[in-house]
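Computed over heavy atoms, backbone and side chain alike; hydrogens, waters and symmetry mates excluded. Below, read A as the first sequence line, B as the second, and so on, with proteins coming before strands; counting in each chain starts at 1.
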Amino acid sequence: MAGLGAGMAHAQEKPKGTIPDKPFKIGHMTFFTGAGAVLGEPMYKGNLLAADEINEKGGLLGKRKIEILKADEAAGTDANTKEMRRLKLSEKIDMFMGITSSGNTPALGPVAEELKLLTIFVDGCTDFLFDKAVPNPRYIFRITNIQSADGSTCALGVAMTWPEIKKVAHIHPDYSYGRNCFDHFSIVTKKVLPKAENVSEAWPKLFSTDFTPHITKTLGAKPDLLVTSLWGGDYVAFYKQALQHGLFNKMKVATTLALGSAPQSIGKDHPDGVLSGVHSNYHFTYPGGNRWPLNKTFVEKYHAKFNEYPNFQAEGAYTATYALKTAVEKANKLMGGWPDDDAIISQLEGMMIPGPGGYVYIRPDNHQGYKDAITGFSKQVPEYPFPILDPTRIITIPIRNITAPPGWPKGEPTSTYTWIDQTWPTVKTA
Amino acid sequence: MSAVALRPAATRSPLWIVVWAVPIAAILAVLPWVMDPYRTIQLAYGLIFAIAGLGFNILLGYTGLLSFGHSAYFGVGAYAVAFMVKYLHVQSMELFLIGTIVASLLVTALFGYVCVRYTRIFFSILTLALSQVLWSLAFKFFWVTGGTDGLRVPTPKLLGVATAESEDKIQFLSHSYYYYVLALFVGCVAVMWLIVHSPFGKALQAIRDNETRARFVGIRIRRYRFVAFLVSGVFTAIAGALWVPLNGLTTPDALVWTFSGEIVFMSVLGGFRNFTGPIVGAVVYNYLKDFAVGFTVYWQTVMGVVLVALVLALPTGIVGTAKLLAALARRRFAP
Amino acid sequence: MDILVIHLFNALLYASVLFLIAGGLSLIYGVMRIVNLAHGNLFALGAFITASAVGQWFAGSTSVWLYLLLPLGAFGAAAIGAILEPTLLRPFYRRPEEYQLLVTFGILMILEDVMRFVWGPYPVSATTLFQQMGSMTVGDWIYPRYNLLVIAIGGLAAIFLWAFIYRTNFGILLRATSQDMRRASALGVNVNLVYVQAFTIGCFMAGLGGAIIVPSQSAVLGMGVDALVLSFIVVVVGGLGSLEGALVGAVIVGLLRETAISLFPELELAVLYLIAAIVLLVRPAGLFGRAT
């Protein structure tokens with residue numbers, strides 16, 4: 001069958017040595033309830049799809065079937081810490097995967113290291129994790145793009161499309177993701193759109209449902225552009241309320257994560273032409289057609305199994321599961337038998353793996369996955385009951401252009417921020 | 001509060017407590033060598049919440065004031081440790097505890113001054129509202145408190161001895177740290193025992209049982225309530241300080257009002273009219289909740305049903321009901 | 001200038017919903033001396049029931065029918081309240097009032113899960129009415145008409161409630177029971193009946209708050225707990241047990257929130273807690289309340 005499996009192991013070779021056949025347990029924690037679920041729950045589905053595909057062929061190395069134990073991230077950071085411990089010490093999971101919220105990875109990363117638990121975080125993309133919380137990771141990895149890419153991608157998208165804007169308004173959820181997007185949008189804009197200035201800010205609490213005052217405040221400031229990092233259920237509530245205030249007619253709107261939720265959560269009423277971020281990672285319509293067959297088969301299989309379309313979380317979890325499989329196979333080829341965590345880790349470090357969204361490189365120094373960033377413009381099309389990224393206006397940015405290189409010293413608020421500040425030239429304007 | 005009248009424990013010989021306490025302490029001391037690390041860490045959490053419950057119950061069981069905002073003091077303890085790490089680069093657990101006691105005295109003095117002017121439902125609501133104020137401050141001032149991301153607390157030095165880089169943290173938590181917590185638990189139990197059996201403790205119970213009569217006897221009601229409030233807050237803050245290294249992180253979740261509700265739940269579960277009630281309640285609650293969370297996604301229903309059933313049918317809690325049954329058994333089988 | 005009008009509308013919108021929730025809480029306390037910690041979840045239930053009715057079960061119906069269905073959440077919440085009071089709350093009237101806090105806390109936990117069980121983990125929305133009513137022009141801006149409907153309903157509810165309590169016989173019974181339960185009972189008032197009716201009305205109000213706001217937002221798990229905290233701030237400011245206090249408190253909170261978001265965006269919610277803290281330190285009974 002086509003798919004990542006065929007792309008990875010060149011053929012189904014027999015594994016070396018004896019492999020135990022007890023199941024390989026993955027603990028998967030993401031938002032299964034609440035407003036975060038429209039973003040988080042597809043992550044589990046991506047993991048499940050990959051696991052089922054691998055299990056159809058007998059499991060990892062043909063012998064160990066993958067078993068997934070679910071945990072709900074909505075329980076809160078403290079409860080999640082306890083649950084990770086319980087999963088490892090009591091349920092004896094072999095690996096941990098998941099996490100949507102940036103509030104949780106800095107808390108759980110150190111705990112995973114303490115527990116010596118092999119972990120691939122799918123999201124929870126905050127720079128803080130590898131900048132400060134766990135600067136020398138051993139057991140933990142993260143597969144989707146680092147958070148600072150979001151604000152930068154959005155800013156560059158704005159600069160390419162609407163270079164004439166002068167007045168910028170902001171609405172960001174009041175937690176680390178919102179602040180990170182604001183910071184990086186601002187520093188990039190300082191360099192590439194030096195004439196632009198902030199005229200309004202609003203910081204609603206994450207998972208609010210009423211954005212009316214923030215919308216009114218933004219309208220009152222009469223900006224040219226609104227930048228927002230609202231996501232999931234928040235973004236849905238926001239855009240529906242904003243439509244009734246005519247906000248989209250009065251200004252351009254740029255987002256970092258609008259189309260990153262499960263696609264069906266956004267309706268047919270969403271306006272076209274909004275710069276719609278996908279967490280800099282992936283939208284299922286790109287690459288389209290036969291241009292990148294891995295994506296075509298992934299989307300088809302996901303849709304067939306779950307009757308919906310995948311988002312970047314699903315793609316991330318799917319790729320992460322295959323990264324695990326590849327690492328296990330390579331380690332086994334070198335050493336025989338079931339590879340221990342150290343062997344798997346050494347194979348993951350420096351791995352370059354093709355996923356449905358493109359090539360992902362796992363940098364060995366900080367265990368962070370890097371892939372080219374994309375964003376685009378929302379467009380309603382007859383084929384789908386929700387908006388997609390306009391295939392004629394996709395913007396891709398090489399990831400090395402917007403994230404700090406290996407060896408760049410850690411900085412405040414992030415190393416990418418200081419790198420942009422210190423190394424990027426300021427665009428000269430007439 | 002007019003609840004079921006139980007024979008006050010003071011009429012028993014003080015040696016009675018030793019009969020129970022020594023074997024239990026011995027068992028607790030041996031457990032890490034017998035149980036797996038996960039269960040030992042669970043028990044450490046239980047002992048910590050037992051200290052919080054002890055603190056809480058001097059207000060409820062002995063003074064008759066139901067505080068629905070005790071998460072505030074727990075959080076003060078937790079954040080005191082985190083701030084000492086962040087701003088003073090302290091690593092010693094002992095210094096953490098001293099800092100916690102100081103910080104909690106300040107906060108409880110302020111809150112207590114406001115709250116003890118009132119009683120009953122109004123007191124409860126005030127405590128709840130004040131704890132939410134603290135929560136919102138922790139949430140909003142993210143450049144100080146780390147906001148929802150919280151503040152990291154690395155492994156502390158116990159008694160000046162740092163854990164080696166190579167030592168397994170789980171091993172540390174389930175052995176060295178467990179014993180530290182156990183020692184403090186025993187200490188807190190002893191101190192609280194002395195407090196409630198002292199004239200001060202007796203005065204509190206008099207105030208609880210009949211405020212007017214207590215006033216006529218000459219007890220300064222508000223002052224005694226205030227001191228009880230202080231003691232209560234400090235004990236709970238100590239629990240908070242001990243709790244942080246277990247998680248390695250403190251977030252505003254430690255201050256949220258539903259956590260206060262859990263503290264109340266624990267004491268009621270064990271039986272708030274008994275000294276040992278909150279201890280038993282905290283340990284049982286901890287296991288019960290972990291079991292429920294692992295068992296079903298509808299664990300809140302499980303806990304809610306337990307609480308409602310408890311208050312309906314067994315208002316004296318586990319220990320209270322056990323004593324009742326023991327008394328009945330004695331009467332049945334007495335000559 | 002007209003932007004100020006819009007800000008005022010926003011504040012009144014928020015205040016309308018808060019008044020309904022906090023008013024219900026205050027009413028229940030005033031008559032029965034119970035602080036219903038599960039009150040926020042009745043607001044949430046009202047939201048979910050209406051969202052299901054308007055957004056799912058009868059979606060696509062004519063708008064007239066949808067408008068009539070709007071209060072369904074309120075009636076649903078009232079029905080649940082009418083069941084809860086005699087079964088789970090009445091056994092505690094003879095008990096110390098602290099037990100009531102515990103029972104309502106337990107009910108809060110159970111109701112959270114009931115909502116998850118019945119409606120699943122995802123938010124439920126019902127935006128048809130919100131969109132259908134369209135927007136009207138206010139100076140340079142457009143404003144959703146539906147928000148004005150919510151403000152109107154809030155205002156009407158306040159008037160009806162006032163009339164009900166001060167101009168009807170039942171209101172007299174309610175006030176008598178709230179002032180002195182024993183004497184009212186001695187005079188022949190069926191206190192149990194008054195209690196269940198008061199509780200039902202309080203739940204109706206909370207459910208109505210949820211029902212009318214859900215078309216412009218959505219019903220999300222956890223909204224009940226958030227709402228309870230906000231309604232607590234309102235009763236702290238306005239005074240527990242007082243309907244005028246709930247109204248004034250709600251308006252103050254609505255105005256403060258709007259001002260904070262406009263002028264001090266970093267503070268937002270913290271401003272509300274700060275006001276609560278100040279009121280608690282200076283006048284703990286609130287503006288219109290009387291402390292025990």
Side-chain angles (χ1 to χ4, degrees), chain A residues 27 32-33 69-72 74-92 101-117 124 126-129 131-136 139 147 173-180 203 205-207 412-413, chain B residues 35-42 44-45 71 74-75 78 86 136 139-143 146-155 163 165 167-174 243-256 258-259 262 286 289-291 293-300:
Chain A
F32 285 103
T33 58
L69 284 82
K70 291 164 38 169
D72 189 356
T77 312
D78 293 328
N80 292 339
T81 312
K82 276 191 168 180
E83 181 62 12
M84 181 188 246
R85 287 222 184 101
R86 190 190 73 84
L87 283 170
K88 164 76 176 175
L89 294 172
S90 197
E91 301 277 1
K92 308 260 192 282
S101 169
S102 284
N104 285 325
T105 35
L108 292 172
V111 176
E113 293 281 339
E114 280 165 24
L115 289 166
K116 302 205 188 352
L117 174 61
T126 174
D127 302 56
F128 185 79
L129 175 64
D131 264 4
K132 299 256 176 44
V134 189
N136 296 307
Y139 289 90
Q147 198 173 76
D174 189 13
Y175 78 118
S176 56
Y177 178 67
R179 285 190 273 278
N180 184 297
W203 297 92
K205 181 161 166 285
L206 180 65
F207 302 148
E412 286 295 330
Chain B
M35 291 199 304
D36 63 79
Y38 177 65
R39 302 229 177 278
T40 315
I41 297 179
Q42 258 190 322
Y45 275 107
S71 60
F74 192 88
K86 180 171 174 182
S136 73
F139 186 83
K140 260 298 168 182
F141 288 99
F142 62 88
W143 57 94
T148 42
D149 295 343
L151 292 172
R152 290 234 67 229
V153 170
T155 318
T163 37
E165 269 295 314
E167 188 183 342
D168 180 24
K169 176 109 184 230
I170 300 296
Q171 186 69 5
F172 166 76
L173 288 179
S174 57
W243 172 86
V244 182
L246 274 180
N247 272 0
L249 180 82
T250 178
T251 68
D253 283 350
L255 289 161
V256 80
T258 40
F259 180 53
E262 289 189 87
N286 197 46
K289 183 170 174 191
D290 282 354
F291 166 74
V293 169
F295 175 63
T296 167
V297 92
Y298 298 111
W299 59 271
Q300 279 189 299

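- At least one side-chain heavy atom of A:Thr126 sits under 4.5 Å from a side-chain heavy atom of A:Thr105.
- Contact count against chain A (heavy-atom pairs under 4.5 Å) is highest for B:Leu246 among B:Leu246, B:Thr155, B:Thr250.
- For B:Lys289, no part lies under 4.5 angstrom from a heavy atom of chain A.
- Heavy atoms closer than 4.5 Å to chain A are found nowhere in B:Trp143, neither backbone nor side chain.
- If you measure heavy-atom distances from A:Ser101 to chain B, you find no contacts under 4.5 Å at all.
- Residues meeting the side chain to side chain donor-acceptor pair (under 3.5 Å) test with B:Arg152, sequence neighbours left out: none.
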Stepwise side-chain contact (heavy atoms from CB on, under 4.5 Å) check, A:Asp72 with A:Phe32: CA-CA 5 Å; A:Asp72 189 356; A:Phe32 285 103; 4.0 Å; yes
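- Proximity to chain B (any heavy atom under 4.5 Å) is restricted, for A:Thr81, to the side chain, taken from C-beta onward.
- With a 4.5 angstrom heavy-atom cutoff, B:Phe139 touches chain A only via side-chain atoms.
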A:Val111 and B:Lys169: CA distance, side-chain angles, deciding distance, side-chain contact (heavy atoms from CB on, under 4.5 Å) verdict: CA-CA 9 Å; A:Val111 176; B:Lys169 176 109 184 230; over 6 Å; no
A:Arg86 and B:Gln42: CA distance, side-chain angles, deciding distance, side-chain contact (heavy atoms from CB on, under 4.5 Å) verdict: CA-CA 9 Å; A:Arg86 190 190 73 84; B:Gln42 258 190 322; over 6 Å; no
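- For the set A:Arg179, A:Lys70, A:Lys82, A:Glu91, the count of heavy-atom pairs under 4.5 angstrom toward chain B peaks at A:Arg179.
- Of the candidates A:Asn104, A:Leu89, A:Leu115, A:Leu115 is the only one forming a side-chain contact (heavy atoms from CB on, under 4.5 Å) with A:Met84.
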